[in-house]
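First up is the structure itself, then whatever we jot down about it.
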Amino acid sequence: MTRATTSVRGLWSRLGTTGPVYLALVLLLAASAVYVATRGGNLFTTANTVDLFTRSSLLGFLAIGQTLVILCRSLDLSVGYVAALSTVVAATTMAGDPSRILLGVGAALGLAALIGLANGLVVTRLRVNPFITTLGMGLIIKGYLDTNFQGPAGAIPAAFQTFGYTRIGVLPVSTLVMLGLAAAAVLFLHRTRTGYHMYAVGGDAEVARLSGVRAGIPTVTAHVLCSVTAGVAGLLLAARFGTGSATVYGNGYELEAIAAVVLGGTYLLGGRGGVAGTIAGVFILATLDTVFNVLGVDPFVKDVMRGVIVIAAVAVYARGRHSRAAVRVRFPSGGAPPPPAPDPGPRPEPEPLGGRR
Amino acid sequence: MTSPTTAPPAPRGRVPGALAALGRGGAPTVALLLALIFAVIATQNPSFFEGPPLMAFAKKAAPLVILAIGQYLVIVSGEFDLSVGSLVGAQVVIAARLIDGEEAMTLPVIGVMLAFGLLVGLVNGLVTTLLRVPSIITTLGTMLILFGAVRYWTGGAPTGALSEAFRVPGRGGVEDLPFLGQLPWALVIAAVIAVAGVLLMRSPYGRSLIATGDNDVAAAFSGVRVWRVRTLAFVGSSLLATVAAVLIGGYAGVTAQVGQGLEFTAITAVVLGGVVLGGGRGTVVAAVLGAVTVEALFTLFNQLYLPSTIQPTVQGVIIIAAVAYAARRGDLRLPERLRRRPDHPTERPLGTSRR
């Protein structure tokens, strides 16, 4: 390992993960604008810009919460279902009556918080793998919704529908709320004790515990906040649709939110990253969607492109990250991870590896 | 619950005795659960165990068993394969489109499907291991890609038809047996794959796979080529998904929804068998039993006349409960091990002070 590469790596690590993501976003915007222009279109018309921001707000809510959970080295696959439940609860509680708006919002967010609390407690107390916990919770909600709500339910009063449609200039109110929430989340992560503890627990739960962090609290908090932001996303959906729609869970929101988080440079295994990067990831996905829309790309091709882009982006990040984290921290005596052994004799794998040490 | 009372806390934690084995959350536990479910089914429908109904059940359960074995290979090596559901759907659609009702095309198309499965597995594995993309993201990406590509290719709805010969493995069987009536080919295929899986896990490759899932750095230091072992696991999963697709296509025919959500059902099955997400623990037999248990549960729901929409709820409760039960014992090291995921740079720091 030469001095030059080390200093380059030092620079890379000082830049953090957020810088490159915003750089990628700017490059993507520029490239798409140019490409759309060569096809005789204009990416930055008012309609397209509004479309871009509108797309980003919904995904943003989901991704902000998902970031917190992933930072704690957990995962939430239930956000799509929580959002669907929240639309139904809000719509049926409000029932078209403007005086019940607060009640409806409170009921939806309160229920979402309870679900998050349940997720968090199952993960921390019952020690169930978060993947399974939230997948199971999602299935539970899905069963409830499918059984009780076949079609649209309830009604959203016009006063609350403004949350979905009002905009200031090209900026929809919902996007402003989302950005405000993102700012709050950034402050929360960098200014509060629980925020720091989230990084600690995500980095290494055992070390965090030995340092006096109660590992359960940040994780449970993250799950509660994640479900609440999913509830907010549900409110936004309800405001747009004007009614409660139980079937929105089928849109794959949870996977898209995870993609945005990972695209934003947050490490899927916890402890590294942040909400600022996630917002860039959200805008990257929203830009892609808008561009596909402007170009009239077949929706199925869109899925293919999205898959390719997410894998490629993560592969690019993984290169930078592993070169400095895995190699340098893990093998301080210098040297890469062991090369494949030259003598692959049929060595019996010692069974105690599978046991506990 | 049983371990603190039945034995002094031996440092190894290996508590002898059948009771403790039942409580350990592996194959014995899920076998007990399966026996319970079968008992309930038997009280509801005594004729269930009279040969033909049982064989019909086996025919229905076989694809999930095969998928669970494939998912097991990937999970025990410390990764996930979320693309199998999409792959099954894609393969069935490909088969229908290419065969288009012509009997002569059956074998060549099955060859094409196997090659396609091999390709998908290779891409999943190599992207995960060489490009170091977390497998959740990789296979999520391939899931989206397959989903979109197949629908783009067919223009949204599946076209073509399967040949009769193609449907034989999923539907047919050895007919006119004395007690069983029909011995479905699906059951034979699943049994052969299960035995092959057990033998595979006892081979040097299987040992390397488990060692990799348990601690990939230690495995690398002991001479395991981690990337190759894991890539082969992904290839195995995709090939088995292809076999499952042949059975599912033959059994249920071609629809646009084929395969949807199967990846989660397969993961549920594997987890129910006590295989630890994160790798390094669990057996093929447990995964197979888990798959049969999940299928038995669905059968039980049907017999209890539960509305089919409530099934997800029960399934959700069951997976959480099963994993919580497996994690419940008083072993303090377990939570950390359970929640461990592979490839984490600060995991078990070899090079730090603890050496």
Side-chain angles (χ1 to χ4, degrees), chain A residues 73 122 126-133 135-140 142-144 146-147 203-206 255 258-259 262 268-269 271 298 300-304 306-308 310-311 314-315 318-319 322 325-326 329-333 337-338 340-341 343-349 353-356, chain B residues 12-13 127 131-134 136-138 140-145 147-149 151-152 204 207-208 210-211 214-215 217-218 220-223 225 264 271 277 280-281 307 309-317 319-320 323-324 327 331 333-336 338-339 341 343-346 349-351:
Chain A
R73 206 176 188 193
V122 171
L126 298 185
R127 300 163 185 173
V128 176
N129 186 304
F131 183 94
I132 293 296
T133 308
L135 176 65
M137 187 58 82
L139 289 174
I140 292 173
K142 176 180 176 355
Y144 172 75
D146 284 353
T147 312
D204 192 321
E206 185 64 13
L255 305 183
I258 293 173
V262 175
L268 196 56
L269 301 180
D298 187 293
F300 300 129
V301 175
K302 229 192 281 187
D303 279 331
V304 176
R306 215 186 277 161
V308 172
V310 169
I311 294 183
V314 177
R319 286 182 75 82
H322 279 265
V329 175
R330 218 155 182 176
F331 305 100
S333 46
D343 56 329
R347 207 171 300 188
E349 277 309 324
L353 264 183
R356 51 213 79 150
Chain B
R12 275 307 173 88
V127 168
L131 298 184
R132 294 180 185 280
V133 177
I136 291 194
I137 297 291
T138 313
L140 206 65
T142 27
M143 172 173 151
L144 277 177
I145 293 171
F147 181 87
R151 276 168 183 69
Y152 179 64
R207 304 277 179 195
S208 311
I210 290 195
D214 191 55
N215 186 336
V217 174
F221 274 127
S222 345
R225 290 182 214 192
F264 290 133
V271 165
L277 293 180
R281 280 184 182 194
T309 47
I310 205 82
Q311 284 193 8
T313 298
V314 184
Q315 197 189 341
V317 171
I319 352 173
I320 296 181
V323 178
D331 184 348
R333 293 201 65 90
L334 202 69
E336 185 206 359
L338 260 185
R339 299 192 44 205
R341 292 193 223 146
D343 246 29
H344 186 45
T346 53
L350 279 183

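Residue numbers begin at 1 in each chain, while the letters A, B, ... track the order of the sequences. These numbers come from a predicted model, not from an experiment.
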How close do G143(A) and P312(B) get, counting heavy atoms only, and between which atoms?
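That closest heavy-atom pairing would be N-CB, 4.0 Å.
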T138(B) and I311(A): which non-hydrogen atoms are nearest, and at how many Å?
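Looking at all heavy atoms of both residues, the closest pair is O-CD1, 3.5 Å.
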So which part of L140(B) gets closer than 4.5 Å to some heavy atom of chain A, the side chain, the backbone, both or neither?
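For L140(B), the side chain is the part near chain A, not the backbone.
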Chain A heavy atoms under 4.5 Å from V317(B): which part of the residue, side chain, backbone, both or neither?
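For V317(B), the contact with chain A is made by backbone and side chain together.
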Output the option from D146(A), I258(A), V122(A) having the highest count of non-hydrogen pairs under 4.5 Å with chain B.
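Highest number of heavy-atom pairs under 4.5 Å: D146(A).
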Heavy-atom pair count under 4.5 Å with chain B, highest-scoring of T133(A), L139(A), D298(A):
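Of the candidates given, the most pairs with chain B belong to L139(A).
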Contacting moiety of V308(A), where chain B heavy atoms sit under 4.5 Å:
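Contact with chain B: backbone and side chain both.
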Can you confirm whether Y152(B) sits close enough to V304(A) that some side-chain heavy atom of one is under 4.5 Å from a side-chain heavy atom of the other?
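Of all side-chain heavy-atom pairs linking V304(A) with Y152(B), none is under 4.5 Å.
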